[in-house]
Undergrad: 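Got a structure for you, written out below as structure tokens; questions coming shortly.
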Amino acid sequence: MDMSASGLPFDDVRRLIPMMPGPDEDAVATVKARDQELTKPAGALGRLEDIVEWVAAWQGKGQPEIRRPIVCVFAGNHGVVKHGVSPYPQSVTRQMLENFAAGGAAINQICAAYDLGFKVFDLALDLPTDDFTQGAALDEKSCVATMAFGMEAIAGGADLLCLGEMGIGNTTSAAAIFAALYGGPVAKWVGRGTGVDDAGLARKRAVVEQALATHAGHLDDPLEVLRRLGGREVAAIAGAILAARLQRIPVILDGYVVCAAAAVLKAMDPGALDHCIAGHRSAEGGHGEVLERLGLEPILDLGMRLGEGTGAALAAGIVKAAVAAHNGMATFAQAAVSQRPDAP
């Protein structure tokens, strides 16, 4: 979709929001009806049953299926790294992409274990965003173009999308976005990222404080928050979430940085994330409170804070199992198992 035709590209993004489809209630009703016939007590699979209903609602299928799950990891570099907000040099972003390509990262192993497709997107790593303590990270045209790129990431087709990121400095960007959207003390949103020491943590907090001061008066619009304080990977993820909604693909969100992109969309429309589920509760920063504000209950809480889409990919294994159980279980009639006398 061309989102650069007008002179006001953010308007093109805004026009997509009212086009978002809602859940398919007929598909949910079909799932619920079959669930009553399966060889188990009603509600015995707990949240797994809710997950199947969620997949059905957003795929628009009374018999949901997961045949083409994919993990998409978006990578970007950040000009704010010059302020010492990470213990790692910016070159690590590209080195990790090479590690992904060689199959040597944690996310590679998880995708292999759960038979998930895997794609990585290099978002102009040699051209970091501008230092957002001094000005906007991205101009409007570049931000929209990057969102459009993210929208095209699922052009090859998928029936479950897991979103992840890689980018030295991007937890600082995410913290700034949350601070701008939600307010409160900056310390609430700034975590240790890749493992900064106390001095590094203080620098991160100061950087976010300075960014909020620099952009004061321009942060009422969520898309302005995105372009001024975000990164290319954050913008691309926002585009991917929106495209998945328009194409009826359920989405599993990873951790802190991915949720920063999701938070921008949620701020634009309260229902923008209804097709999304939180893969896990990250140990980074205020992710627990972020999830509460997004209205998302995580599937997993394993103390992870790696990124790379690892939490989303692990949760995809559970989603796949939930759908497989629903589709593959025998009914009481098929298995010749007696139901409760009071069963409908």
Side-chain angles (χ1 to χ4, degrees), residues 47 50 54 78 80 85-86 132 162-165 167 169-196 198 200-213 215-216 219-226 228-231 233-235 237-238 241 251-312 314-315:
R47 193 175 175 194
D50 299 333
W54 167 74
H78 297 257
V80 74
V85 296
S86 172
F132 61 58
C162 303
L163 291 170
E165 45 62 42
N170 64 10
T171 58
T172 303
S173 173
I177 289 171
F178 293 131
L181 292 177
Y182 301 144
V186 161
K188 176 190 291 189
W189 308 113
V190 177
R192 293 189 182 272
T194 48
V196 291
D198 288 347
L201 187 63
R203 286 193 296 272
K204 284 183 73 171
R205 291 172 177 170
V207 160
V208 173
E209 294 275 15
Q210 186 175 348
L212 295 179
H215 301 284
L219 300 175
D220 292 337
D221 179 349
L223 289 174
E224 283 294 311
V225 172
L226 176 62
R228 289 171 178 271
L229 303 176
E233 73 275 52
V234 182
I237 290 167
I241 294 171
V251 173
I252 305 181
L253 304 173
D254 195 44
Y256 198 63
V257 178
V258 169
C259 284
V264 169
L265 298 177
K266 176 83 169 182
M268 295 179 70
D269 185 289
L273 303 182
D274 289 352
H275 65 305
C276 298
I277 200 165
H280 75 134
R281 180 182 287 108
S282 171
E284 173 63 24
H287 192 227
E289 182 167 340
V290 168
L291 292 176
E292 290 179 9
R293 290 175 180 265
L294 296 180
L296 299 173
E297 180 65 30
I299 293 178
L300 301 170
D301 189 349
L302 301 175
M304 296 169 58
R305 55 179 180 84
L306 177 61
E308 302 180 6
T310 48
L314 283 168

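Below, each value reflects all heavy atoms present in this structure, side chains not excepted, and no hydrogens, waters or symmetry copies.
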Undergrad: For Trp54 and Ile277, run side chain to side chain contact (heavy atoms under 4.5 Å, CB included): C-alpha distance rounded to whole Å, both residues' side-chain angles, the deciding distance at 0.1 Å, then the answer.
TA: CA-CA 9 Å; Trp54 167 74; Ile277 200 165; 3.4 Å; yes
Undergrad: Distance from Leu265 atom CG to Cys276 atom SG, nearest 0.5 Å?
TA: 8.0 Å
Undergrad: So, are Glu209 and Arg205 salt-bridged, with charged N and O less than 4.0 Å apart?
TA: no
Undergrad: Would you give the length of the straight line joining atom CG of Leu294 to atom CD of Glu289, rounded to the nearest 0.5 angstrom?
TA: 10.5 Å
Undergrad: Ignoring hydrogens and angles, tell me if any N or O in the side chain of Glu284 forms a donor-acceptor pair with the backbone of Gly193 under 3.5 Å.
TA: yes
Undergrad: Looking only at non-hydrogen atoms, find the nearest pair between Ala261 and Ile237 and report the distance.
TA: CB-CG2, 3.6 Å
Undergrad: In the structure I gave you, are the side-chain heavy atoms of Phe132 and Val207 within less than 4.5 Å of one another anywhere?
TA: yes
Undergrad: So how far is it from Ser282 OG to Asp301 CG, rounded to the nearest 0.5 Å?
TA: 9.5 Å
Undergrad: Do Cys259 and Leu291 come close enough that some side-chain heavy atom pair is under 4.5 Å?
TA: yes
Undergrad: For the residue pair Ile241 and Leu253, establish whether any side-chain heavy-atom pair is separated by less than 4.5 Å.
TA: yes
Undergrad: Please step through side chain to side chain contact (heavy atoms under 4.5 Å, CB included) for the pair Val85 and Val196, ending with a clear verdict.
TA: CA-CA 7 Å; Val85 296; Val196 291; 5.9 Å; no
Undergrad: State, yes or no, whether a side-chain contact exists between Val257 and Thr171 at a heavy-atom distance under 4.5 Å.
TA: yes
Undergrad: Closest approach of Val234 and Ser173, non-hydrogen atoms and distance?
TA: CG2-OG, 4.5 Å
Undergrad: Restricting to non-hydrogen atoms, name the atom on Gly195 and the atom on Arg305 that form the minimum distance, rounded to 0.1 Å.
TA: N-NH1, 4.3 Å
Undergrad: Testing Val186, Leu229, Val290 one by one against Phe178 for a side chain to side chain contact (heavy atoms under 4.5 Å, CB included), which residue passes?
TA: Val290
Undergrad: Check this for me: does any side-chain nitrogen of one of Lys266 and Asp274 sit under 4.0 Å from a carboxylate oxygen of the other?
TA: no
Undergrad: For the residue pair Thr310 and Met304, establish whether any side-chain heavy-atom pair is separated by less than 4.5 Å.
TA: yes
Undergrad: Rounded to the nearest 0.5 Å, what separates atom CG in Asp254 from atom NE2 in His280?
TA: 4.0 Å
Undergrad: Atom CD in Glu297, atom CG in Asp50: separation rounded to 0.5 Å?
TA: 11.0 Å
Undergrad: Within the side chain of Tyr256, is there an N or O that forms a donor-acceptor pair under 3.5 Å with the backbone of Asn170?
TA: no
Undergrad: Mind checking whether Val208 and Thr172 have side chains closer than 4.5 Å, heavy atoms only?
TA: yes
Undergrad: Using every non-hydrogen atom in the two residues, find where Gly311 and Leu300 come nearest and quote the distance to one decimal.
TA: O-CD1, 4.3 Å
Undergrad: In Å and rounded to the nearest 0.5 Å, what is the CG to CZ distance from Leu219 to Arg228?
TA: 7.0 Å
Undergrad: Heavy atoms only: give me the nearest Ala315-Ile299 pair and the separation to one decimal.
TA: CB-CD1, 3.9 Å
Undergrad: Grab the two heavy atoms, one from Lys204 and one from Val190, that are nearest each other, plus how far apart they are.
TA: CB-CG1, 3.5 Å
